[in-house]
Number of protein chains: 2
Amino acid sequence: MAFDLADRGAIAGVGYTEFSKNSGVSTLTLALRAIMAALDDAGLPPNRLDGIATHRVGDSIPSAVVAQAVGIRDLSYFVDQFGGGGSSHAVVGQAALAVASGVADYVVCYRAINARSEFRMGGTARPAVDSVETQYQAPYGYVAPPQQYAMVAQAYMHRYGITPRHLAAVAMTQRRHAEKNARALMRAPMSYDDYLASRMVADPFRLLDCCLETDGAVAILVCSPERARDLRQPPVLVRAAAWGGGQTLFSNRQPPPGTSSAAVMVPRLYKKAGLGPADVDVAMIYDCFTAAVLIQLEDYGFCAKGEGGDFVLSGATALGGSLPVNTHGGFLSEGYVHGWNHIAEAVQQLRGAAGDRQVPGAKIALSTGAPGYVGGVTSALLLRGT
Amino acid sequence: MAFDLADRGAIAGVGYTEFSKNSGVSTLTLALRAIMAALDDAGLPPNRLDGIATHRVGDSIPSAVVAQAVGIRDLSYFVDQFGGGGSSHAVVGQAALAVASGVADYVVCYRAINARSEFRMGGTARPAVDSVETQYQAPYGYVAPPQQYAMVAQAYMHRYGITPRHLAAVAMTQRRHAEKNARALMRAPMSYDDYLASRMVADPFRLLDCCLETDGAVAILVCSPERARDLRQPPVLVRAAAWGGGQTLFSNRQPPPGTSSAAVMVPRLYKKAGLGPADVDVAMIYDCFTAAVLIQLEDYGFCAKGEGGDFVLSGATALGGSLPVNTHGGFLSEGYVHGWNHIAEAVQQLRGAAGDRQVPGAKIALSTGAPGYVGGVTSALLLRGT
């Protein structure tokens, strides 16, 4: 009896601001720049927009204000979700629901942050993710994402014999991808010696295991496939969207060490899509830290549990490999827009518009949000080219 | 081509905590109590829940934490929306989209606040609604909702010749309804002299023009009509949900004085429902302040612009009138759960379960969120009994 969402939402436009360490402008301006770029990409006049969707953790402008600044005169749908990277892909899923059901015609989704110059994650001066853990952890100085994920990574590495060499392979592979991406902030070649020489931030994470902190915005225009076909770009269809649970201190569903909360959601994602891991041509895996990529490669079914490190070392995730991952360089090397430059890169790949980093013939792309270790939720998208 | 949402989501359960001025417990406990009450009302075991949805303004627990505390093991859908009363009804709309599309089977929606004992709206010690206006208004002492709505009311009353007698009629009508409601916090009879004697808070609003500040929670269980029919209560169908824009300082769409932002949304709501104002049997109108009820009665098409005051004075909105409004007593007399006790009362009326305050034969109910004067958004539901 349920309506099937598969292929009933489409991504018709993608917009970026410059990625930098100091944008010099407000998150409102960043949002507007990315949105206007996405509309220009699609060839849609701003006065056709009737929906807006974002997520934030108190670090960005309310979406209702952005809607007014864009000039939306009859706002027919809005999302302004509390949440970090785990919510990123859910926002596009929400927009797909809205256009598939006729609630709105054109929903622009975006994330706009000054994550280096204004609001760095994990500080104590202002609350970041609105987490119940903070009250128990902050007195011990445990407040920053590298600390949180370091605990996860230690358990994972201990259980499965993962070494720094494996972590470095993620960072080095993505840096090689970034060398082909003019938008990337980090394009200088990275050797294993470079990796080892980078300072330890939170054991086992060196600086080069950690995502960048970036000022920037990305916008994604969502409409029905029928409407998308009348616009400038080949539509990219939302084959499936999935929302998932995650962990907090109160979680009664702690996955075993080395497995993320996303693992529980993944079967639903593939089932909704009628697809499996073998159908995925290119993947954007949430890479807040190197170890998170390994764990997700396993949890999304691309290799067996514990084999993510060897999978990456084998070259499988490099351009030319069996499953190119984070072809833009990811959060580690392109920039960190909290999940959103992953969605954008997946779209570029499915359009065949990724230039020197194009995966030939890419038809199905996976893009993932944060895997649920912090903030209590996760989300992901399977996208299909046309 | 779009999927029609009409009657594809159902409300199968309603749960309340006690309403009070000092709950003595956390918002997490309040949320859990209301959710368990809604599940008990529906006859659904907690382990069947797979979705959760709320909105908040930094005054309540993240929905992901509540999901874990309830024991949801595979969270298939989540909403944790930034926003005040304008977002309240949108949350149920989101849940209807989720169940209609098979994203989740059973989504519990709720709002849990200690709005008197812990987090009073409009203070300056902590940010309430995350509003861009605050930086411009707070230096002048303009921070509280009664002040914000007083400006609206002054313009409305000036333009249309509305008097204190009209405002009082709203408060007195709802108090008479509350006399029939054991849950209501304010049940003592109110005379016009009582009204006039109550202290001026923000001209034209006396204390009795203002909603209560309440500790409490309300939960609403949403599932497909098919699933709802297998549960304990007669399903109440979500005939239509609408999301709308509102105003901030940056708004380029200021409605004329005396008209709310909701007016722009209303035609879409009725069109989606295939219904008009004449079809509505009972209405829960967002009554943060008396004047807001008058403006919305006009904007939702129940009387002509400027005639809301006379409409209420005529007795039309009283039990026994042509359109009973806020039969529970509303935020003015039952309690203030930020939009949610309105939805709950609409459901009770459509079930025929409203006891002494039942509107005979009620089949269609309107429930409205805050009309968009603050926070930039609005939302509403048209519900249908079965």
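In what follows, every chain begins at residue 1, and chains take the letters A, B, ... in the order their sequences are listed. Being a predicted model, the structure only gives us computed values, none of them experimental.
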Cut-off 4.5 Å, heavy atoms of chain B, and the answer for A:Ser63 is neither

So which part of A:Ala90 gets closer than 4.5 Å to some heavy atom of chain B, the side chain, the backbone, both or neither?
-> side chain

Inter-residue atom distance B:Phe3.CZ - A:Leu97.CG, 0.5 Å rounding | 10.0 Å

Based on non-hydrogen pairs under 4.5 Å, which of A:Val79, A:Leu5, A:Asp4, A:Val99 is most in contact with chain B?
-> A:Val79

For the residue pair B:Leu75 and A:Trp243, establish whether any side-chain heavy-atom pair is separated by less than 4.5 Å.
-> no

With A:Asp299 via salt bridge (charged side-chain N to carboxylate O under 4.0 Å, His left out) - residues at least two apart | A:Lys305

Measure the spacing between OG of A:Ser101 and CZ of B:Arg8 and express it to the nearest 0.5 Å.
-> 11.5 Å

Which region of B:Ser224, side chain (C-beta onward) or backbone (N, CA, C, O), has a non-hydrogen atom less than 4.5 Å from a non-hydrogen atom of chain A, or is it both or neither?
-> neither

Greatest number of heavy atom pairs closer than 4.5 Å to chain B - which of A:Ala241, A:Gly376, A:Gly86, A:Ser76 | A:Ser76

Under the salt bridge (charged side-chain N to carboxylate O under 4.0 Å, His left out) test, residues paired with B:Arg33 that sit two or more places apart = none

B:Arg56 NZ/CZ over A:Phe82 ring centroid, <6.0 Å and within 45° of normal | yes

Taking all non-hydrogen atoms of both residues into account, name the closest pair between B:Ala64 and A:Gly375 and its distance.
-> CB-O, 3.7 Å

A:Phe78 and B:Gln94 have their tightest heavy-atom pair at O-NE2, 4.2 Å

Between OG of B:Ser261 and CG of A:Asp74, what distance do you get to the nearest 0.5 Å?
-> 10.5 Å

When only pairs under 4.5 Å are counted, which of A:His55, A:Met265, A:Arg268 shares the most heavy-atom pairs with chain B?
-> A:Arg268

